[in-house]
Number of protein chains: 2
Amino acid sequence: MAQSDTVDRILDAAEELFADRGFSETSLRMITSKAKVNLAAVNYHFGSKNALIHAVFARFLTPFSATLESAFDELEERCNGKPPTLNQTLWALTESAVRMPQRNEKGISIFMRLLGLAYTQSQGHLRKFLEQEYSEPFSRFMRLLKEATPQLSSVDRYWRIQFMLGATAFTMSSSDALRDILQNKLGVETTVQEIAARLVPFLAAGMQAEDAMLIPPAGSKVSVA
Amino acid sequence: MAQSDTVDRILDAAEELFADRGFSETSLRMITSKAKVNLAAVNYHFGSKNALIHAVFARFLTPFSATLESAFDELEERCNGKPPTLNQTLWALTESAVRMPQRNEKGISIFMRLLGLAYTQSQGHLRKFLEQEYSEPFSRFMRLLKEATPQLSSVDRYWRIQFMLGATAFTMSSSDALRDILQNKLGVETTVQEIAARLVPFLAAGMQAEDAMLIPPAGSKVSVA
DNA sequence: ATGTGCTTCAAACGTATGTTTCAAACAGAC
DNA sequence: GTCTGTTTGAAACATACGTTTGAAGCACAT
């Protein structure tokens, strides 16, 4: 699909294979043979496998972060002065993700899966790269979350953000498989948009949960009302 | 530490390295040199690297699933007849995890990280192994969740369980890194028990969220039919 | 002490990986 | 057409991996 330019063919193949199997488990030979290009092309065009990984992320993260920035701009303008609510902030994010121009029907799913891998697969170089390149929209999102949940302590907010990230990345990364299971079990069709629409209330509720922070003493029969 | 039996030394080293770096990124040579045993010992005692991975999981998952079963037994008995609440069910799970006898101070953290890896790192053989060996406590947990949330539709419950799994697996799989970040940023120390204690209220609140499925704010192009 | 079964050891095997090499093919400018 | 810089191609490189081998070591019953 798209143009038959070598660089793009490599990126397309790498993106899909990385999302399917992870980084270490995907060899350059798999990528180049799927892309139908010569093995040496990766090192010629990108320099190294790690640089290819960075390029795969940059290709969708750069336009996404631009879309996100303008979504935040619009949101803050619409709220003129007052901080956007948690729901508004989360919706701005998911809408930006869903509205991204997709290379194919699996686009959003691959997108999410890669983001999840970036976090869980402890590739030091990737972490460093992402932090350097995309710290701005990330911190802005964090700031909006902070302003939308002033009742939370910094520590509480930090962890709950991690929980949100996890629920999102995990669900979206395997959304294809999960959709299939649901289809077979209950005969229900589901779109990614619908998953997002179910996810956001879950996240918002969790984020705003009453803090029932009692670490139950050993032996206690816990009952959190 | 413990006995200097070769098998245990290998398991100890493998467990720690797997938790630190993932499965594919950990070589048998790293494991055997850390364990100070001969390279061939792994294949001699376990048969293959995959079998070693299974053994690492079995060593803590078998006693854990036993602990969990009895925690569920006790919980259901205590509720005599009435289904346990969502909070009770979630706490029974996390308590069982936290109370497991630890090999060292990093025990629970390694435990969680490995569980997270099992989900996120798409090792087919591991998935199959875990499903075959530990399906019973898993289905029981699912049944308890169903009884604790009768107000949810099957579809809603299905997705929200995925969200819970995701938040948990994701957070736990990178809990060390996340703890370090928190330590550096806010100077706060965190134990795994505290993370779990923060996670449970988040999950419970998300699970029981009002189904506000129509939230997309004004100006949104998302329409969830 | 001698033989037996299990365990360790150093070395090698075959395969797969990321990377490099250098000649051939190509495109566009003159 | 010829030259020039860029891209492709097949092959090799060095290294790392999981696994296998066969001899040596060991504990222990006879």
Side-chain angles (χ1 to χ4, degrees), chain A residues 2-59 114 117-118 121-129, chain B residues 2-59 114 117-118 121-129:
Chain A
Q3 28 179 334
S4 79
D5 182 27
T6 301
V7 169
D8 287 329
R9 298 245 300 284
I10 292 175
L11 285 173
D12 288 339
E15 181 179 78
E16 201 162 333
L17 286 170
F18 286 153
D20 275 0
R21 329 175 16 100
F23 304 111
S24 311
E25 294 82 358
T26 302
S27 72
L28 291 185
R29 283 168 177 82
M30 293 179 199
I31 294 169
T32 53
S33 83
K34 181 184 177 87
K36 294 196 176 72
V37 301
N38 188 271
L39 169 62
V42 168
N43 284 281
Y44 175 77
H45 286 286
F46 297 94
S48 70
K49 184 183 180 180
N50 279 353
L52 169 61
I53 296 178
H54 296 175
V56 166
F57 274 86
R59 184 168 64 150
L114 286 176
L117 284 180
Q121 205 130 328
S122 65
Q123 302 257 3
H125 67 97
L126 220 194
R127 202 102 161 211
K128 218 164 288 179
F129 170 77
Chain B
Q3 29 179 333
S4 80
D5 182 26
T6 302
V7 169
D8 286 329
R9 298 246 299 284
I10 293 175
L11 284 173
D12 288 340
E15 182 178 77
E16 200 161 335
L17 286 170
F18 285 154
D20 274 0
R21 331 174 16 98
F23 304 112
S24 310
E25 294 82 359
T26 302
S27 72
L28 292 185
R29 284 169 175 82
M30 292 178 199
I31 294 170
T32 52
S33 84
K34 181 184 177 88
K36 294 196 176 73
V37 302
N38 188 272
L39 168 62
V42 169
N43 285 280
Y44 175 77
H45 287 286
F46 297 94
S48 70
K49 184 182 179 180
N50 279 353
L52 169 62
I53 297 178
H54 296 174
V56 166
F57 274 86
R59 184 167 65 150
L114 286 175
L117 284 181
Q121 205 128 328
S122 66
Q123 303 258 359
H125 67 96
L126 220 194
R127 203 105 161 207
K128 217 165 288 177
F129 169 78

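Here is how names work: the chains are called A, B, and so on, in the same order as the sequence lines, proteins then strands, and each is numbered from 1.
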> How far apart are the closest heavy atoms of B:H125 and B:H54, and which atoms are they?
Replying inline: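 Shortest heavy-atom separation between B:H125 and B:H54 comes out as ND1-NE2, 2.9 Å.
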> Which heavy atom in A:F18 sits nearest to a heavy atom in A:L117, and how many Å separate them?
Replying inline: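 Between these two residues, the closest heavy atoms are O-CD1, 3.2 Å.
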Minimum-distance nucleotide (side-chain atoms of [X] versus [options]):
{"X": "A:L39", "options": "D:dG18, D:dA11, D:dT8", "result": "D:dA11"}
{"X": "B:K49", "options": "D:dG18, D:dT8, C:dG18", "result": "D:dG18"}
{"X": "A:Y44", "options": "C:dT7, D:dA12, D:dT6", "result": "D:dT6"}
{"X": "B:N43", "options": "D:dT7, C:dT19, D:dT20", "result": "D:dT20"}

>> Please enumerate all residues that pass ring pair (Phe, Tyr, Trp, His ring centres under 6.0 Å) together with A:H45, with sequence neighbours excluded.
In response: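 With sequence neighbours excluded, A:H45 shows a ring pair (Phe, Tyr, Trp, His ring centres under 6.0 Å) to no residue whatsoever.
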>> Once you apply a heavy-atom cut-off of 4.0 Å, does B:T32 come out as touching a base, just sugar-phosphate, or nothing?
In response: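 Contact class for B:T32: none.
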> How many angstroms lie between CZ in B:F46 and CD1 in B:I10, if you round to the nearest 0.5 Å?
Replying inline: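 The CZ atom of B:F46 sits 5.0 Å away from the CD1 atom of B:I10.
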>> Measuring from atom OG1 of A:T6 to atom CG of A:L11, what distance do you get when rounded to the nearest 0.5 angstrom?
In response: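 These two atoms lie 11.0 Å from each other.
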> Which letters describe nucleotides 22-28 of chain D, given B = protein heavy atom under 4.0 Å from base, S = only from sugar-phosphate, - = neither?
Replying inline: -------
Check the distance between [N]'s [atom2] and [X]'s [atom1] and give it to me in whole angstrom.
{"X": "B:R21", "N": "D:dC17", "atom1": "CZ", "atom2": "C1'", "result": "13 Å"}
{"X": "B:I10", "N": "D:dG18", "atom1": "CD1", "atom2": "C1'", "result": "14 Å"}
{"X": "A:E25", "N": "C:dG18", "atom1": "CD", "atom2": "P", "result": "11 Å"}
{"X": "A:F46", "N": "C:dT19", "atom1": "CZ", "atom2": "P", "result": "13 Å"}

> Does OP1 or OP2 of C:dA10 have a side-chain N or O of B:N38 closer than 4.0 Å?
Replying inline: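 Checking C:dA10 against B:N38, a side-chain N or O does come within under 4.0 Å of OP1 or OP2.
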> Taking only residues two or more places apart in sequence or in another chain, which ones pass side-chain hydrogen bond (donor to acceptor under 3.5 Å, both in side chains) with A:N38?
Replying inline: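 Partners of A:N38 by the side-chain hydrogen bond (donor to acceptor under 3.5 Å, both in side chains) criterion come out as none, since no residue qualifies.
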